[in-house]
Amino acid sequence: MKGFSIGEVEKITSVKAHTLRYWEEALPSLAPQKDMGGRRLYSNRDVQTFLRLKHLIQEKKYTIEGAREALIAEAAAAGSAAGENLSAQLNGIKSDLLDLYRLVRKTNSEAEE
């Protein structure tokens with residue numbers, strides 16, 4: 001698995017490794033994979049989360065707890081929007097299938113006559 005080492009994440013985010021490890025403890029969603037040597041490997045999503053966390057803490061002056069709650073709320077809102085989009089897509093598919101069913105029934109009825 002290819003991922004970012006903690007040193008690479010440190011360079012990308014300009015946040016010290018010990019702070020990244022602390023944030024990792026504070027946010028359960030940040031759970032990097034470990035390589036065969038036990039070193040952390042962070043995904044693109046993890047790096048984006050660190051950058052968002054840095055913004056909330058350093059720019060918006062959130063506490064770590066406040067930033068965690070903000071990230072949880074953002075994730076819930078994104079999940080809700082995705083769920084609504086999926087629901088709309090499924091309703092469209094259901095409608096298309098019903099139309100096809102009616103067409104098949106009509107065609108079969110006409111063929112029997």
Side-chain angles (χ1 to χ4, degrees):
M1 177 186 141
K2 177 63 178 141
F4 297 96
S5 70
I6 196 162
E8 291 170 325
V9 176
E10 186 177 26
K11 288 177 185 173
I12 292 168
T13 62
S14 300
V15 175
K16 297 287 185 186
H18 68 276
T19 303
L20 295 172
R21 287 190 294 274
Y22 174 72
W23 287 354
E24 185 183 316
E25 289 177 16
L27 277 153
S29 63
L30 286 171
Q33 299 291 318
K34 303 262 178 131
D35 66 7
M36 297 298 273
R39 292 177 294 269
R40 291 169 169 82
L41 289 176
Y42 296 96
S43 67
N44 289 332
R45 187 179 136 288
D46 292 334
V47 174
Q48 293 300 318
T49 301
F50 278 128
L51 289 169
R52 182 69 180 137
L53 193 57
K54 176 185 174 187
H55 172 75
L56 290 171
I57 292 171
Q58 293 181 355
E59 303 293 323
K60 298 286 186 176
K61 305 300 182 194
Y62 280 64
T63 62
I64 187 74
E65 294 82 14
R68 179 180 56 226
E69 294 302 318
L71 287 173
I72 290 169
E74 288 173 6
S80 176
E84 290 174 9
N85 186 29
L86 181 59
S87 180
Q89 288 176 341
L90 288 174
N91 285 335
I93 292 169
K94 180 180 174 183
S95 176
D96 291 344
L97 288 172
L98 287 171
D99 290 344
L100 287 171
Y101 175 73
R102 288 184 193 109
L103 180 63
V104 168
R105 281 190 62 191
K106 180 181 176 186
T107 304
N108 285 342
S109 296
E110 291 173 357
E112 289 176 0
E113 294 175 359

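The structure presented is a predicted model; accordingly, all values stated were derived computationally and were not measured.
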d(Asn108 CG, Arg105 CZ) to nearest 0.5 Å is 9.5 Å

About how many Å separate CZ of Phe50 and CG of Leu27, when rounded to the nearest 0.5 Å?
8.0 Å

Got a sec, which residues hit side chain to side chain donor-acceptor pair (under 3.5 Å) with Arg68, two or more places apart in sequence or on another chain?
none

Could you pull out every donor-acceptor pair under 3.5 Å between side chains of residues 9-21 and any protein atom, sequence neighbours left out?
from	atom 1	to	atom 2	distance (Å)
Glu10	OE2	Ala17	N	3.2
Thr13	OG1	Val9	O	2.7
Thr13	OG1	Val15	N	3.3

Which residues pass the side chain to side chain contact (heavy atoms under 4.5 Å, CB included) test with Arg102, sequence neighbours left out?
Leu98, Asp99

Could you pull out all residues at least two apart from Ser5 that satisfy side chain to side chain contact (heavy atoms under 4.5 Å, CB included)?
Glu8

Please tell me if the side chains of Ser43 and Gln33 come closer than 4.5 Å, counting only heavy atoms from C-beta onward.
no

Check whether any side-chain heavy atom of Asn44 sits under 4.5 Å from a side-chain heavy atom of Phe4, and report yes or no.
yes

I need the full list of salt bridge (charged side-chain N to carboxylate O under 4.0 Å, His left out) pairs touching residues 31-41, with sequence neighbours left out, sorted by first then second residue.
Glu24-Arg40, Asp35-Arg39

Who passes side chain to side chain contact (heavy atoms under 4.5 Å, CB included) against Ile64, sequence neighbours left out?
Tyr22, Trp23, Ala26, Leu53, Ile57

Contacts satisfying salt bridge (charged side-chain N to carboxylate O under 4.0 Å, His left out) that involve residues 48-67 (not counting sequence neighbours) are Arg52-Glu74

List the residues meeting side chain to side chain contact (heavy atoms under 4.5 Å, CB included) with Ala70, not counting sequence neighbours, and say none if there are none.
Leu56, Tyr62

